[in-house]
Amino acid sequence: MIASLIPEFPWSFLFIQDLIGTVVFAISGAIAARQHRMDIFGMFVLAFVTGVGGGTLRDVMIGSTPVFWMKQPIYVLMISVAVVIVALAKNAIDKAYWKTGLLIFDAIGLGVFTVIGVQKGLDFGLHPLISIALGGVTGCFGGLIRDILRNEVPIILQREVYVTASLVGGIIFILFREAGFESNWIDVATVSTVIAIRMLTIRFNLHLPKI
Amino acid sequence: MIASLIPEFPWSFLFIQDLIGTVVFAISGAIAARQHRMDIFGMFVLAFVTGVGGGTLRDVMIGSTPVFWMKQPIYVLMISVAVVIVALAKNAIDKAYWKTGLLIFDAIGLGVFTVIGVQKGLDFGLHPLISIALGGVTGCFGGLIRDILRNEVPIILQREVYVTASLVGGIIFILFREAGFESNWIDVATVSTVIAIRMLTIRFNLHLPKI
Amino acid sequence: MIASLIPEFPWSFLFIQDLIGTVVFAISGAIAARQHRMDIFGMFVLAFVTGVGGGTLRDVMIGSTPVFWMKQPIYVLMISVAVVIVALAKNAIDKAYWKTGLLIFDAIGLGVFTVIGVQKGLDFGLHPLISIALGGVTGCFGGLIRDILRNEVPIILQREVYVTASLVGGIIFILFREAGFESNWIDVATVSTVIAIRMLTIRFNLHLPKI
């Protein structure tokens, strides 16, 4: 039973990215729970839904069931480890660090999940336009539930360049693919684009025009 | 790639209704976003989830995947056009008009989605009673998410005759079908019933008894 | 059409438990609606989503569609009956009784749904660890939506021993199964454990450590 917890090597690049995305989003959920002074299980719940929320909605909508985290126990294990690490982190760490940490982990998760969403959409024979939308859903939904659960106005509905970052990443993915680039380079370009847009718009306080 | 954006003619009556329902709900979502002074992408997100939310839940629950809007890019295109139109509409338009517009588009969407939900349920071999419930879920869920996202008490939980309108429409659908009416007439009767109930109860301020 | 409303006998133990869980959760939803002074249909909606929410998410995620309550009209019927009973209950009943009632029905539902979630996970060939998580999702999700809809901080994110109760129940289930106990005994042990943990921690005001 223990042996089956870890999938056999070699792991695919897509699987590794999925794992990274799940863990960084889980960490962002755990940090958010810590900010709200929840207990360890409230923390686990928030980390769990943030980590697997986007991918679960993606798999359910395209009909890839049982959904991804159910096929490999390693996702739940990694989320649990992430929660314990955040829970044990020193109280001495400054509030500002937590806030910055949440934004960075959130940006990485958004980038990685955008890639996986677009890729899975194409694998299921969906139109590139729809695959880009699926990348956006995969990237944004986990954080959306996280914010609804802790009763905050979702980050994606505030005047942040968030969904846009994911959609631009999705467009980059499709363009690089049409141009014939190798798979791993497409992924790196997409993730970098998403993270760069998030970081730059936050740093320089850029917003889309209000209506 | 561009050619495949528009499905081939002739379009089925059910598909046309689905498109109408998606667009009018998307407009109601876009108007709601405008009322909250969101940016263009917050507007798109709210329009999108309102437009496809009910049908997505319907398809996911009966196992019709990939869900409807993923098979035809035209849904996402139409929602985008609707958002742009609402975004560009003159600021001069009175607040009261927006509010009335939201109610009317919402009523049309509720009627059309009730029809499609009941029809799809019967197509999947579900009991008529369950198909009526499925019509209600399809009709109500998009607006429910719209209201949760903008942090308002969902319209369907307020003392409005909303779910009831959809359920009565579903009953009309089943009765007309049992009576042997032709498919298009059943649809027209159902949609008219739902819209009439919504408009009349709002106009004359009618409510179900409180407990 | 009427005959098909009730499934043929004999009913399986799992089906009976599913029915019990759905009804008790529906009652907890109806009581919550009553506390918020909703009308009869708002009450029905809240009872419905609380009753079928957890099982619907479970079935959708493992790909068991159409979801459970769509295959048997008896679920919707029983929920309707439960709502009418709660709606007609005397106003004279003390508020404290409603509150206690909500907690007890909620605990029974949590126990029964934990069993069904774990069982269905194993039936679908999932890892025991994932099946325990699925039991938790099935048990907790209905109450989660109930609380989101009525705009309260979800009970499972408060400092209550809630998710923990379900997870411990799931562990008991797996351990008793490994030990070779008969199916019905496993179910009874699991449900009793969950209810006992909920009741004792509420009675003696026990909590998990805050971070």
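No hydrogens, no waters, no symmetry mates; every other heavy atom, side chains included, goes into these values. Reminder, nothing fancy here: chain letters follow the sequence lines and each chain counts from 1.
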**Q** Specify the closest pair of heavy atoms between C/Ile62 and A/Met70, including all atoms of both residues, with the distance to one decimal.
**A**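 It is CG2-SD, 3.8 Å.
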
**Q** Let me check something: any side-chain donor-acceptor pairs from residues 135-145 of chain A under 3.5 Å, sequence neighbours excluded? List them with distances.
**A**
{"from": "A/Thr138", "atom 1": "OG1", "to": "A/Leu134", "atom 2": "O", "distance (Å)": "2.7"}

**Q** Holding to ring-ring contact (aromatic ring centres under 6.0 Å, His included), I want the full list of residues that pass it with C/Phe68, two or more places apart in sequence or in another chain.
**A**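 For C/Phe68 the ring-ring contact (aromatic ring centres under 6.0 Å, His included) partners, ignoring immediate neighbours, are C/Tyr75.
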
**Q** Once rounded to the nearest 0.5 Å, what's the spacing between atom CD of A/Gln72 and atom CD1 of C/Ile130?
**A**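 Separation between the atoms: 9.0 Å.
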
**Q** To the nearest 0.5 angstrom, please state how far the CE atom of C/Met61 sits from the CG atom of A/Leu57.
**A**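 Going from CE on C/Met61 over to CG on A/Leu57, the span is 11.5 Å.
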
**Q** Between A/Pro73 and C/Leu129, what is the shortest heavy-atom contact and its length?
**A**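 Nearest heavy atoms, A/Pro73 then C/Leu129: CB-CD2, 4.0 Å.
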
**Q** Look at A/Val76, A/Leu77, A/Asp59, A/Val67 and state which one has the largest set of heavy-atom pairs under 4.5 Å with chain C.
**A**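 Between A/Val76, A/Leu77, A/Asp59, A/Val67, the count favours A/Val67.
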
**Q** Side chain from CB out, backbone as N, CA, C, O: work out which of these in C/Ile148 comes under 4.5 Å of a heavy atom of chain A, or both, or neither.
**A**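 C/Ile148 touches chain A through side-chain heavy atoms alone.
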
**Q** Given the rule in the side-chain contact (heavy atoms from CB on, under 4.5 Å) test, do A/Thr65 and C/Val60 qualify, once you have shown the distances and angles that lead to the verdict?
**A** CA-CA 8 Å; A/Thr65 53; C/Val60 157; over 6 Å; no

